[in-house]
Amino acid sequence: MNELKSYSKDVNINGNLVNAYFICKRKFWLYARQLNPSPNIDLLLLGRLISENTYSREKKEIFLDIIKIDLVKKLDQNIIVCEVKKSSKGLEAAKMQVAFYLLKLKERGINAKGEILIPKEKKIVPFELTDDIETLLVNSIKDMQNLTAQEIPPPVVKTSFCKNCAFVEFCYA
Ligand code: SF4
């Protein structure tokens, strides 16, 4: 585990942090405070590898300030922002990650739709940013900023996500 690095209360929220927040607030805090587990057990990396192998022909990574989008497609007149996941287990968190990208694009005057691609399950889950989801996301981002400022992480809450979490050894030591 890396040493605790200095941080600012106004940490830059990115898509992976949004995903972590909706999986587990403790996981979010650990990533936000730049505590990274050993990369050889980081399942985010596995997701990236699946992305690289499966969509290599049409892959277009887009960097926009702090956001990094796996793939962008154009279908008719619609821009579709895609996020690749290794399974549908964290689907709700993946949706909020895509919602974050859609919100950031909307702030730049770009209205886009989303898709979560799960190649191992041959699934494509369409997603749109509704007013309710946008409100939830904006309130959650405020909560993320407050959480990051806390000196100690939120407590361990045992869920089905713990088993494959990169922080499992840290939480259950
Ligand atoms: S092991 Fe469980 S409690 Fe700990 S960060 Fe991961 S998901 Fe959260």
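In each ligand, atom 1 is the first atom listed, and ligand 1 is the first ligand listed. Side-chain atoms are counted along with the backbone in the values below, which use heavy atoms only and exclude waters and symmetry mates.
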Sorted by chain and residue number, which protein N/O/S atoms are under 2.8 Å from atom 8 (Fe) of ligand 1? Cys24 SG

Any side-chain heavy atom of Lys89 within less than 4.5 Å of one from Ser160? yes

Roughly how far, to the nearest 0.5 Å, is CG of Leu30 from SG of Cys171? 6.0 Å

Just verifying a value: how many Å separate Asn14 CG and Lys104 NZ, rounded to the nearest 0.5 Å? 10.5 Å

First locate atom CZ of Phe100, then atom CG of Leu17, and finally report the distance between them rounded to the nearest 0.5 Å. 8.5 Å

Does a sphere of radius 6.0 Å around CG in Asp131 hold more than 12 heavy atoms from other residues, nucleotides or ligands, not counting ones at 6.0 Å or beyond? no

Would you tell me whether Lys25 and Gln150 have side-chain atoms, one donor and one acceptor, within less than 3.5 Å of each other? no

